[in-house]
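Below is one structure, written out as structure tokens; the observations come after it.
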Amino acid sequence: MTIPGDEMFNYSANRELESSAKVKALEALLIEKGVISSSSVDKILDYFETKMGPFNGAKLVAKAWKDAEFKSLLLKDCNAACEKLDMPTGMSGAEGEIMRVAENTSSVHNLIICTLCSCYPWPTLGLPPYWFKDPTFRARSAREPRVVLSEFGLDLNPEVEIRVWDSSGQIRWWVLPEQPSGTEHMTEEELASLITPESMMGVSKVVL
Ligand code: FE
């Protein structure tokens with residue numbers, strides 16, 4: 001059996017800048033070849049900033065916190081739950097064909113990753129942040145999730161079980177965070193405003 005050495009996890013410190021330069025070069029080439037137009041990328045980014053984003057996930061979580069029946073549907077069949085609410089059309093497309101939700105409780109904490117690349121539930125969480133796609137985050141979250149979460153500022157009690165969900169091109173996971181105490185009287189809109197993308201990725205909790 002070969003045990004990978006540390007060099008396997010050595011990546012360039014400038015990898016974000018290097019990736020950005022590669023993307024810019026690729027975009028320029030695709031425009032030059034006539035594959036996409038100069039506004040194509042802007043249109044896609046605008047779509048994921050205004051129609052498909054973490055505000056959809058926050059709405060689903062807030063509803064689940066207020067409505068136990070909706071919560072069980074969300075956990076059983078996320079796509080069916082999306083259809084119950086007034087959501088943008090195409091929630092089950094655009095990288096959200098099969099979405100699954102893992103529930104955080106006082107004894108279980110869930111973390112979503114994609115070890116292979118960057119699979120992410122775009123319709124409910126939007127476009128993933130750079131660090132989600134970073135090779136070091138992906139490798140370390142699978143190997144030592146408790147340490148990585150602590151580096152995010154989330155120190156979980158040792159007795160809390162951590163479950164790491166690896167998304168794929170077929171199934172994309174996200175997290176139903178725990179409702180913070182003292183928010184029981186709040187409306188769905190007020191609750192939704194507390195819910196961050198990070199809490200639905202499992203790298204933070206929802207706080208009042
Ligand atoms: Fe992926």
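Note that the structure is a prediction, hence the values are computed from the model and not measured.
- Ile44 and Phe132 end up in the same hydrophobic cluster when Ile, Leu, Val, Met, Phe, Trp and Tyr side chains are linked at under 4.5 Å.
- Annotation: the span from Lys24 atom NZ to Ser19 atom OG amounts to 11.5 Å, rounded to 0.5 Å.
- Take Leu127 and apply the side chain to side chain contact (heavy atoms under 4.5 Å, CB included) test, not counting sequence neighbours, and it matches Leu45, Phe48, Trp122.
- Within a 6.0 Å sphere centred on NZ of Lys51, other residues, nucleotides and ligands contribute 12 heavy atoms or fewer.
- A heavy-atom distance below 4.5 Å is not found between the side chains of Met200 and Val101.
- Not one N or O on the side chain of Ser40 forms a donor-acceptor pair closer than 3.5 Å with the backbone of Ile36.
- A distance-only check finds no donor-acceptor pair linking the side chain of Ser199 to the backbone of Ile195 [under 3.5 Å].
- The backbone N or O of Gly182 sits less than 3.5 Å from a side-chain atom of Glu184, completing a donor-acceptor pair.
- The two residues Val164 and Ser141 come nearest to each other via the heavy atoms CG2-O, 3.9 Å.
- For Lys71, the salt bridge (charged side-chain N to carboxylate O under 4.0 Å, His left out) criterion is met by Glu103, not counting sequence neighbours.
- Take Arg163 and apply the side chain to side chain contact (heavy atoms under 4.5 Å, CB included) test, not counting sequence neighbours, and it matches Val108, Asn110, Glu161, Trp165.
- Within the model, atoms OG of Ser39 and CG of Asp46 stand 11.0 Å from one another, a figure rounded to the nearest 0.5 Å.
- In the hydrophobic clustering of this structure, Phe55 does not group with Met91; members are Ile, Leu, Val, Met, Phe, Trp, Tyr whose side-chain heavy atoms approach within less than 4.5 Å, directly or through other members.
- In this structure the side chain of Trp65 reaches within 4.5 angstrom of the side chain of Leu176, judged on heavy atoms.
- Once rounded to the nearest 0.5 Å, the distance linking CZ of Arg100 with CG of Leu74 reads 11.0 Å.
- Put simply, the side chain of Tyr130 does not reach to within 4.5 Å of the side chain of Phe137, judged on heavy atoms.
- Between Leu111 and Met201, the closest side-chain pair of non-hydrogen atoms is not below 4.5 Å.
- A heavy-atom distance below 4.5 Å is not found between the side chains of Pro54 and Thr124.
- Distance check: Met87 CE to Thr89 OG1 gives 12.5 Å after rounding to the nearest 0.5 Å.
- Of the possible polar contacts, one joining the Asp77 side chain to the Ala80 backbone as a donor-acceptor pair under 3.5 Å is found.
- Formation of a donor-acceptor pair under 3.5 Å by the Thr183 side chain with backbone atoms of Met186 is not found in this model.
- Applying the 6.0 Å contact sphere to CD of Glu69 captures no more than 12 heavy atoms from other residues, nucleotides or ligands.
- The CG atom of Leu73 lies 9.5 Å from the SG atom of Cys82; values are rounded to the nearest 0.5 Å.
- When all heavy atoms of Leu154 and Gly202 are compared, the pair lying nearest together is CD2-O, 3.9 Å.
- For the atom pair Asp42 CG and Ser37 OG, the distance stands at 9.0 Å (nearest 0.5 Å).
- Minimum heavy-atom separation, Cys114 to Cys117: SG-N, 3.2 Å.
- In the hydrophobic clustering of ILVMFWY residues, with side-chain heavy atoms under 4.5 Å counting as a link, Leu194 and Leu85 come out together.
- Taking each heavy atom of Ser204 and His109 in turn, the nearest pair found is O-CE1, 4.5 Å.
- Residues forming a salt bridge (charged side-chain N to carboxylate O under 4.0 Å, His left out) with Lys205 (at least two apart in sequence, or on another chain): Glu178.
- In terms of modelled atom types and a separation under 3.5 Å, the side chain of Arg172 and the main chain of Gly96 share no donor-acceptor contact.
- Judged as a side chain to side chain contact (heavy atoms under 4.5 Å, CB included), and not counting sequence neighbours, the contacts of Ser118 are Lys133.
- A donor-acceptor distance shorter than 3.5 angstrom exists from the side chain of Thr187 to the backbone of Glu190, with no hydrogens or angles considered.
- Listed for the Arg138 side chain is a donor-acceptor partner under 3.5 Å among the backbone atoms of Leu116.
- For the pair Pro88 and Asn56, the minimum side-chain heavy-atom distance is below 4.5 Å.
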**Message:** Using the rule given for side chain to side chain contact (heavy atoms under 4.5 Å, CB included), can you reason through Trp131 versus Thr136, listing the C-alpha separation, both sets of side-chain angles and the distance that settles it, and then say yes or no?
**Reply:** CA-CA 9 Å; Trp131 55 261; Thr136 305; over 6 Å; no
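- Under the 4.5 Å side-chain heavy-atom criterion for grouping Ile, Leu, Val, Met, Phe, Trp and Tyr, Leu208 is connected to Val61 within one hydrophobic cluster.
- Every side chain to side chain contact (heavy atoms under 4.5 Å, CB included) that Val147 has, sequence neighbours left out, goes to Arg140, Glu144, Glu151.
- Placement of Ile171 and Ile112 within a single hydrophobic cluster is found when ILVMFWY residues are connected by side-chain heavy-atom separations under 4.5 Å, directly or transitively.
- Residues Ala62 and Ala192 come closest through the heavy atom pair CB-N, 3.8 Å.
- Counting only heavy atoms from C-beta outward, the side chains of Trp174 and Ser167 never approach each other to under 4.5 Å.
- Taking both residues in full, the closest heavy atoms of Met99 and Pro121 are given as SD-CB, 3.8 Å, listed atom of the first, atom of the second, then distance.
- Panel note: side chain Asp67, backbone Phe70; a donor-acceptor pair is recorded below 3.5 Å.
- Looking at heavy atoms from C-beta onward, Ser38 lies out of side-chain contact with Glu27 at the 4.5 angstrom threshold.
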